[in-house]
Amino acid sequence: MESGSNGEEPTSWDEMYNINLMPSELFLKFRKELQGFRFGVNLEFYNAPSNEFQGKLVLKPLSPDKMWKFVYEPLQQDVRLLSKKIPVTKYLNLQVGIGHNFLMHATGWKWKLSTCFGGDGISRIRNKTTLGLCPGLDFRFGWRADYVLPEITGALGTGEPLFNMNSGKFQASLDRFETILTHSDEMVYTSDEIFYTDEKNSQDC
């Protein structure tokens, strides 16, 4: 427990250190790869903070030299042309895009700088891990870890406590679970082994 000097109730260990394995986002993705392009149909279910469903149609080239993808959301009648995440530094990426909403008859563009690190006043690691069970079937786990390192402080002659300890904080959660079904006429596999990959800045499709 954290010893406080400001009269607040000490924080319990359950609040400081916990792991949540119930994902708030469930994705089912169907992919078709043909002639250098990947066409995807995404069914996205969200149960936090509110129950919501989204459907997306995604078209993107498989060539790494072509840095774009096309996204259409039929329910929101929103269409977007996005660049892939362009590495600016080792841990910093830039993504730009232009979109049009048919309901509001509005066109605009956005840009975003993103990284796998960073949070609201605390340190955060975000990552995606892909588990390939067999050709054409993959599971992807999006997870997050928030942490504050322990800290010990003290003072003498200042009116502050002689000894004060902050036990730190660690909260991890499994935010997203994706099932990805891929069909390709050109898929070639050289191994039947299960493989894992970590994707800090992976592309959604």
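Numbers here are sequence positions counted from 1. The basis for the numbers below is simple: all heavy atoms, side chains too, and nothing from hydrogens, waters or symmetry mates. Remember, predicted model here, so these are calculated numbers, not experimental data.
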* Asked: Under 3.5 Å, side chain of N20 to main-chain N/O of M22, donor-acceptor pair present?
  ->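 Yes, N20 side chain to M22 backbone: donor-acceptor pair under 3.5 Å.
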* Asked: Is a side-chain N or O of Q95 found less than 3.5 angstrom from the main chain of S83, in a donor-acceptor match?
  ->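 Yes.
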* **Check: R38 and K32 side chains under 4.5 Å, non-hydrogen atoms** =>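 They are not in side-chain contact.
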* Partners of F45 by ring-ring contact (aromatic ring centres under 6.0 Å, His included), sequence neighbours excluded? ->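 F45 satisfies ring-ring contact (aromatic ring centres under 6.0 Å, His included) with F53 once adjacent residues are dropped.
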* Asked: Charged N to carboxylate O below 4.0 Å: is that the case for R176 and E178?
  ->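 Salt bridge flag = yes for E178 with R176.
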* Do R140 and D138 sit within salt-bridge range, that is, some charged N less than 4.0 Å from a carboxylate O? ->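 No, no charged N to carboxylate O under 4.0 Å.
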* To do: Would you mind listing every side chain to side chain donor-acceptor pair (under 3.5 Å) that reaches into residues 72-81, with sequence neighbours excluded?
  =>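 Found E73-R80, D78-R80.
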Could you tell me which non-hydrogen atom of [X] sits nearest to which non-hydrogen atom of [Y], and how far apart they are?
X	Y	result
L174	L21	CD2-O, 3.7 Å
I19	F170	CG1-CE2, 4.4 Å
K29	N42	CG-OD1, 3.5 Å
W68	L59	CZ3-O, 3.8 Å

* Asked: Are the ring centres of F141 and F177 closer than 6.0 Å?
  ->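 They qualify: ring centres under 6.0 Å apart.
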* Pair F27 + Y46: ring centers closer than 6.0 Å ->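 Ring centroids of F27 and Y46 are less than 6.0 Å from each other.
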* Asked: Taking a hydrophobic cluster as the set of Ile, Leu, Val, Met, Phe, Trp and Tyr residues connected by side-chain heavy atoms closer than 4.5 Å, whether directly or through intermediates, do I180 and L34 fall within one such cluster?
  ->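 Per the 4.5 Å side-chain linkage, I180 and L34 are not co-clustered.
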* Are M104 and W109 in one and the same hydrophobic cluster, where Ile, Leu, Val, Met, Phe, Trp and Tyr link if side-chain heavy atoms are under 4.5 Å apart? ->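 No, because M104 and W109 fall into different hydrophobic clusters, even though each may have its own neighbours under 4.5 Å.
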* Could you walk me through whether S173 and W143 pass side chain to side chain donor-acceptor pair (under 3.5 Å), step by step? => CA-CA 6 Å; S173 62; W143 55 271; over 6 Å; no
